[in-house]
Structure formats: C-alpha cells, structure tokens
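A short worksheet on the structure shown next.
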Amino acid sequence: MSGYNQEDSPLGNRGNVPEKSFLESLSDDGLLDYITGLSQERSEQYSREDYFHDKQRRQDRQDQEFRERYGDGCDIFSGVSIYVNGFTKPGRMQLHEMVIANGGKFAHFLSSKGQVSHIIASNLPLKKRVELANYKICRPEWIVDSLQRGKLLPWQDYALLSDQDEIQPKLQPTTIVSCKHPEFLKQFFSKSRLHHLSNWKSDLRAEFCEKFLEKPLHIPSKNDDITVFHIDFDCFFASVSAMANGFDIHADPIVVCHGTKNSDIASCNYEARRYGIRNGMWVGTAERMMPGGKRLVRLGYDFDQFELMSKRFYQILHDSQFQLVLPISIDEAVCIAGNLSHMECDSICQRIREHVSSVTNGCTVSIGCANSLVLARLALKWSKPNGYRIVNCDELDATFWSNLKIDDLPGVGRSLAYKISEYSNPPIGNLCELRQMTLDSLQRCVGEKMGNKIYLAVRGKDDEESGKIIYDPKQFFQRKSLSIDINWGIRFDTIYEIDQFIDRCTQYLIDKLKELNKKTSQLTLKIMKRSKDESIEPPKYLGMGKCDPFARSTRLGVPTDEFGIITTEIKSTFRSLCCPPKELRGIAIQFNKLENSVSNQSKLPFVDAKIYQNLPNDVKGEIDQELNRRKIKVKATAAKRINSYQEQFIQELPTQIRNEVENEIIITNKAKRTKFDEIKEQIAKRQNEKMNAKAHFLGETTVLLPIKFQNQTNFKRIIQLILNWVDGTIRSRGPHEKDLKLFEKYLQRLSDANRLPLVLRICKLISTKLELRSELFSHCNGFQEWERVLLQIILPKLNKNKHTFQTVRKLDIDFDT
DNA sequence: GTCGGCTTTGAG
DNA sequence: CATCGCTCAAAGCCGAC
C-alpha cells in the first residue's frame, strides 16, 4: 500500500467532498506531477486528460502489483472497471481493493474515452445523474454481494435509482388516478404549478389582512410623497430548482416542467431565453429551438423549496422598515416607503439584492424603484435580469419609453397590445409612440377605463384603480369570491360520475368557505366542452384541447354554506347546460357573492371572559375541566354588541347590503342615520319589485301563457318569476289555481319537448326554496300547498320521463321518497 | 341610462 | 411514459327594462 500517494490512497479517502476546481482537487504530489507533465518536452498540449492517463497508467501498474501480492487468483471482476462517485459504504478504499484483487480495474477519474464500465455510487445528485446518464450506475452492494457469491451478479439488480423520480413511481405504481378517483383533486393540485401560484397568492393576501387586524398599518395618504419598490425574483422556479439540484443557473439553459413533449414550461432561465425559449411554451417546441445538439436541461418542480425561499425573501422585506409590504405573489412584492433620496434608494436596492441572494443560495431579485406603481413596474422591466433601476420623473426621456413594448404596461396583454398597435397607421410598436395617442382615441380603442389607465401610465401616473393597493390595501386584499377550476384530466363517461365529481369540488370549496367563516349567495358553473372540430384526444396528454366555454350562474335567496343546497344547485345547472358527459373537458365552480357568516359562535354557549377571570382559583380548575368536556369556550363579550332588535332587523335586510349595515352601525351615528335612509329606500324598492312580479304573475296577462312561452327563450327570467311566485305565496295560501294550471301546462310543454333538464332545474330550485324557507314558514298553508305541488305535480312530470335521463338512479334518490 | 348575466382579459 | 391548462378581479359587451 505504500505505493499510494495521498491523493489516491484509500486512506486519504475524503468521501464526498464538494467539487473543487481541477487544480484544487490535486494533492501536493499530484500537483507536482501535473506541473512536471506540463513542463516536460510535450510542447503541443498537455491536457488534463493526458495527465490523468499518465497517472492511470502508473496506478494500473501499482494495482497489478497489489493483485499479484494479495489477490487469490479469482477474477470475477475481469473486464469490469469501476469508478466510485461520492461517499459509499463500504468506502472507496475497500471497493478499490475488492475490485483489483479480483481481476477488475479501478478508475480514478472519468475519462471521455469510456474505459469505465460501471459507476459505483450510493446516491447521486440530479446534476451528476444527468451527466452520467450514459453509464451503468449501481450501488456498492453489487461489488460486495458479487464477491460473497463468488460470481458477478447482474448489475441491473443493483442499479441506483434516484429517490425522487425513479424509486417513487415504482414504490407506488397505483398513484395514477383518473378524474373518477376520489383522490384525483388532491393529486392534481399537488402537482399543478398554477394551483400553487393561486394558493400562495391568496395565502399571502389573507396573511396581510390578518396582520392588518392585529396592528393597523400605516397607510400613506394620497398627498404623501412615496417611493415604490417593485421587487421580483429572476425566473424564480428555474433559479430555485437549479439551485436545489446543483446546477449553475448561468451556465446551462434550464427549464422547469413535468414532461418531455407537450408539457408546459413553467419557468426558463435567461440562458434558455437566449434561444427564444419562453415561459408557457411546450418543452418539445423549446427543444427544437436549441441549436444543433445543444442540451436543454429539464428540471422538475420543488414546491416546498419554492415556498421556503419565498418565506426568506418576505422575511427580509418585513425586516426592512418599509411602510408597507404588499404581496403580489410568491416571488414578487411591492414595498412602499416615504420620500427618499436617490442615494437612499440605491443603498436599499443593493442591500436587499445582496441579502436575498445570500439567504437563497444565490437566487437573484431585480428591483424597479420610482414614485408610482407603474413607473416602478417599468423600471423593473428595465432592470431585468439581475439588476435594479431607480427612475426619476425628470429622466423620463425618449430612450426610456421607446425601449418598452406596449404589453410591458401592467394590464396590457396580447389582446390589448394587438388592438392598440393595429389602431393607428403605421402600427404603434413602443411606448414612445403610444405617448402620442390622445386620451380620446385610446378610449375609443380599448374602452373608457382602460384607455384612461394607459393614458396615465405612459405619463408615469397610476390611475385610481391601480392606486387602491396602496391607499386601501385592506379592501384590495379582501377576498371577494372563491372558486375551483379543473381543466386537465377531465374524462367522464356518465353524468353520475360528473355528479360525484361536482360533489367533491363543492366539498373542497365549502371547506374553504367555512374556514373563511363566509357564506355564498351566488353560484356560477363554467364548463369547457370539446369543440366540434377538436379530436377526442388533444396533443397534450389528458389536456383539454380546443374547447367552447359555457357559464351559468344562479342566485340563492339566502346566503348559504350548506353542501346539499349548493351541490344540488350546481348539478342542476350542469344539466341545464346540456353537455354530453363524454364531451366535458373542464369544469369550474365559483362562489361569487361572499358574505360574512353570521357568527354561529355567538349562538353557542360561552362564558364571559370577565366573569371567568374573577372566579376563585380553586373553582377555576373544576370549571376548566367541565368547560373542556363540553367544548365551551371562554370568550370576551363583544364590546360593540348590536342590540337584538337591530340584529333582527339586519337579518331581514337584503343580503347584499347587510354587510355594509353591520359595519355602518359600528361607526358614527351620523353615518348610521344616512345609511338607514338609503336602506329603507332600497327595501321599499325591492318590495315594490316583488309586488310587481307577483301582480304580474297573478294577473290576467300572466307570463305563463303558453303562447308566450314558445317565443320566450330566457329561461332564467322564467325561473326568477317562478321563484318570486313561490316566495310571494308561501306565507299565505299558496299558488292560485289558475296560475297553477298554466304552470302545469308549461311543465308539460317542456316535458313534451324533451327539455327535462329544465323541469329538473325548476324542481330543484323550488325544493331548495322550500328548504330555505321551511324554518320560518313550514306552518303556513302556502308552504304546505307548495310541498304538495312539488310532490304531486312537478315530480311526476320528471319521473314519468325519467328514462330519458342518463342518471335515472340519481333521480330516484333525490325525488322518489 | 342602468342593471344583471355572461364573456374576455390579464395577472402570477 | 405522457402530464398535472389555477384562480382571482376588473372591464367590456349585450339584452331587457
């Protein structure tokens, strides 16, 4: 063993030391050898390879001697030449001995000439795996076991599989779940970048609002001088994934994606962009853009890592003493400070960029800084990648504007950019030219609001709407709707399967809704239906392909968070859209109008915190136990408790304004009074409307005249009419006989025309209505009469024709009782 | 002109 | 193997009064 020098000696085995430069990696002796080699007569080129070959030859001679001295003549590794990568068990030294003593060769480096037959490694970072993709890579046990068994075992049995992309699928081959599987949603979302983006965004917004409640923030007023910092990671996903997998983001062209061909590129680095590759492209397209044979590195998503880096990023911003840190997304924020000098801005930008880079292992952010949102945004465009730019109003020259494209403006995308550029002749190409357009012609081109916004933007000013994020951030970040969209993997055969899917989606939304302590009073169902000219299976695996969208919304009389009501409504709406189950490619459910749930907690028993605090200590212990057992909470009585009369009054209000009223009551008396006047007016108006509808319906010229039905195509209005009719008669004597006859005729016509979904819809709406009203009016004659109508008149219409439905079973469950 | 429902657009 | 095309908000548009 004495023949081994330090570098090569197994005694000097350094395990998986981080990679060093070639020279750094040499031992003192090795370095001397190398220098000797360089200085020797070979005047041409003495390369790294040459050096290694020389060394390998010397090594082989030593190995041969070793074998002759210690070997037992066994040559099971004959023809095998191994290279050990990284830390292994047994270690490099032992493996070396095992192999050379039994007829094999041991390579100390990987040459390009292919002398190495197998690579031995216990684990391999992704970067290495990509590099070594053409080698046979196996675990050290292959050597050990082969020795033990006295023969060369098949290396394939010991092939090294990566823990992420190769072992996992083998361990769980059943993870392929179709949309019919209960776990589909969960699985899909766990891998969807867009879902993550959306979720992160709403989490950040919610967090902002919570902080607001804890400690009201200092909001600048519109007259204050402000400085806006728009801070954004450079190709966030690509940077983080590259870092996590040991790639240099500046060296290779890198894309983040799932697949190989028709998979979306979520993020690509600037190296890849040099070849024209862009986010959102398909991988196949991108690969074709690479110049001859140059490799495009594909990396997977690491959502946990994205989240972690973002957290560190935001931590820095929060620690930076800004007036406001406004979250835009996982990798982007707008920070507001007071009036600052250019120097101060400069040092802030530098400090933040350095700081972020150091806590994210080298990910870079770019920063745009100015005194308006739109200018900060444009400065950010200028600064990318890996830079910052501070813009003063007075340096806004032609150079600044003419190097910006129309769709660099916030809120201007492909469609608007096209509209604008084509609007004048010659076409407008940059912002300098766009600045010439008058407000009037801009508004004629893109609409009133957008025209105004753009007009101001190219003058460096924010419009009213854009400013809201600064001047009323709490309102801006308030959630106004809640929805779920799935447009991938949707392939159903029967409407029954779709019903189940709707159930799951609804449950998903309701869980969130309850978490938010909200209720909804308007639902929208949007579906994607395969276009007539689109093939059954589009190019993208399980993609939606070209589709036609259809949307329909319904209003619920009373806000609700009940699963049954909502899912029934959605299913019935789905039927009204008449989409054959097999043609469905996407589905979205939205809760449009959210209202605060009237706190159930206040109705539950609770102990006033004041009273609780004053209890003698020995009693407290006992009480605690009991309270716990009963799940009763100790709670401070609301200081601003509205009296019960008012509360009751509010409950009676139209839901849209209830929220406002509750807030208003808590504010000043004056505001309260004016608001009440307004509300009274509105109530009067609404009552009037109801009366009108009722009168109309009950009068001689009822809308339900069959002749009118034939021409009446607006089913929604009819529905509204019917619901008003129910509402208007439920607390008195029920429907008038004459109206009922007309109604029955209408149903019959629908039924005859095979418009069963419409009948079903009417039926479900009425039953929902009754359900909602049952608490208050179930004792009324009108209510009971309507129940009778539903069961004896409407349902038979459905059941008589139920064979025309695909979901016979569903109908039985819902109505036959 | 206003209202409400549906569509379109853009954002990250 | 493929592949994971979400989800929010605002504005425009159109038909009904």
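Quantities reported herein were computed from a predicted structural model and do not represent experimental measurements. Excluded from the calculations below are hydrogen atoms, water molecules and symmetry mates; all remaining heavy atoms, backbone and side chain alike, are included. Letters A, B, ... are given to chains in the order of the sequence lines, protein chains preceding strands, and every chain is numbered from 1.
Residue A:H258 is in base contact, counting any heavy-atom pair closer than 4.0 Å across all strands shown. The residue A:R585 sits apart from the nucleic acid: no heavy atom pair falls under 4.0 Å. Nucleic acid contact for A:T260: sugar-phosphate only, since backbone atoms but no base atoms lie under 4.0 Å from a heavy atom of the residue. Note on A:I330: nothing from the nucleic acid sits closer than 4.0 angstrom, heavy atoms only. Residue contacts shown for A:D331 are limited to sugar-phosphate atoms, with no base heavy atom under 4.0 Å away. In this structure, A:Q590 reaches neither bases nor backbone, as no heavy-atom distance under 4.0 Å exists between it and the strands shown. Residue-level contact check: A:N487 touches the bases, meaning some heavy atom is under 4.0 Å from a base atom. When heavy atoms are screened at a 4.0 angstrom cut-off, A:V446 is found touching the sugar-phosphate backbone but no base atom. A:G543 comes within 4.0 angstrom of a nucleotide base, judged by non-hydrogen atoms across all strands. Across all strands shown, A:G259 has heavy atoms under 4.0 Å from base atoms, whether or not it also approaches the sugar-phosphate. Residue A:G300 is classed as having no contact, given no heavy-atom separation below 4.0 Å to the nucleic acid. Within 4.0 Å of A:E537, counting heavy atoms only, lies no atom of the nucleic acid at all.
The shortest distance between the side-chain N/O atoms of A:K540 and the OP1/OP2 oxygens of C:dT3 is not below 4.0 Å. Dashed line: the shortest gap from a side-chain N or O of A:Q522 to OP1 or OP2 of B:dG5 is under 4.0 Å. Of the side-chain N and O atoms in A:H195, one or more sit less than 4.0 angstrom from OP1 or OP2 of C:dT7. In this structure, A:R479 does not reach the C:dT7 phosphate: none of its side-chain N or O atoms is under 4.0 Å from OP1 or OP2.
Nucleotide B:dG10 holds its P atom 14 Å from the CG atom of A:D408, rounded to whole Å. C:dA9 atom P lies 19 Å from atom CD of A:E464, rounded to whole Å. Taking atom CD1 of A:I490 as the reference point, atom P of C:dT3 lies 18 Å away to the nearest angstrom. With rounding to whole Å, A:E448 atom CD is found 7 Å from C:dG12 atom P. Per the geometry, CD belonging to A:Q475 stands 12 Å off C1' belonging to C:dA9, to the nearest Å. The separation between A:L185 atom CG and C:dC4 atom P is 17 Å, rounded to whole Å. Whole-Å rounding puts the A:K419 NZ to C:dC13 C1' distance at 10 Å. Rounding to whole angstrom units, OH of residue A:Y418 and C1' of B:dT9 are separated by 17 Å.
The side chain of A:Y541 lies closest to C:dA2, out of B:dC6, C:dA2, C:dA11. Nearest to the side chain of A:R555, among B:dG4, C:dT3, C:dA9, sits B:dG4. Closest to the side chain of A:S553, from the set C:dC4, B:dT8, B:dC6, is B:dC6. Taking every side-chain heavy atom of A:M544 into account, C:dG5 is the closest of C:dG5, C:dC6, B:dT9. Among the nucleotides B:dG12, C:dG5, B:dC6, the one closest to any side-chain atom of A:A551 is B:dC6. Here the nucleotide nearest the side chain of A:S481, chosen from C:dA9, B:dG5, C:dT3, is C:dA9. With C:dG12, C:dT7, C:dC4 as the choices, the nucleotide that has an atom nearest any side-chain atom of A:I484 turns out to be C:dT7. Each of B:dG4, C:dT7, C:dG12 was ranked by its minimum atom distance to the side chain of A:F189; first place goes to C:dT7.
Between A:F303 and A:F237, the ring-plane angle classifies as perpendicular under the 30° and 60° cut-offs.
Of the two residues near DNA chain C, A:P538 and A:G447, the one whose nearest nucleotide lies more 5' is A:P538. Summary of the strand contacts: A:S483 and A:K546 both lie near DNA chain C, and taking for each the nucleotide with the nearest heavy atom, the more 5' one is attributed to A:K546.
If you check distances only, the side chain of A:S192 never reaches the base of C:dC4 with a donor-acceptor pair under 3.5 Å.
One finds no salt bridge joining A:E287 and A:K261 here, because no Lys/Arg side-chain nitrogen approaches an Asp/Glu carboxylate oxygen to under 4.0 Å.
No more than 12 heavy atoms of other residues, nucleotides or ligands lie within 6.0 Å of NZ in A:K461, so this atom counts as exposed by the packing criterion.
No cation-pi contact links A:R205 to A:F208, judged by a cut-off of 6.0 Å to the six-membered ring centre and 45° from its axis.
Residue A:F184 comes nearest to A:W488 through the heavy atom pair CZ-O, 3.4 Å, listed as atom of the first residue, atom of the second, then distance. Nearest approach of A:P538 to A:I536, heavy atoms of both residues: CD-O, 3.5 Å.
Checked against a 6.0 Å centroid threshold, the rings of A:F306 and A:F233 do not count as neighbours.
The closest donor-acceptor contact from the side chain of A:T360 to the backbone of A:R312 lies at 3.5 Å or more, if one exists at all.
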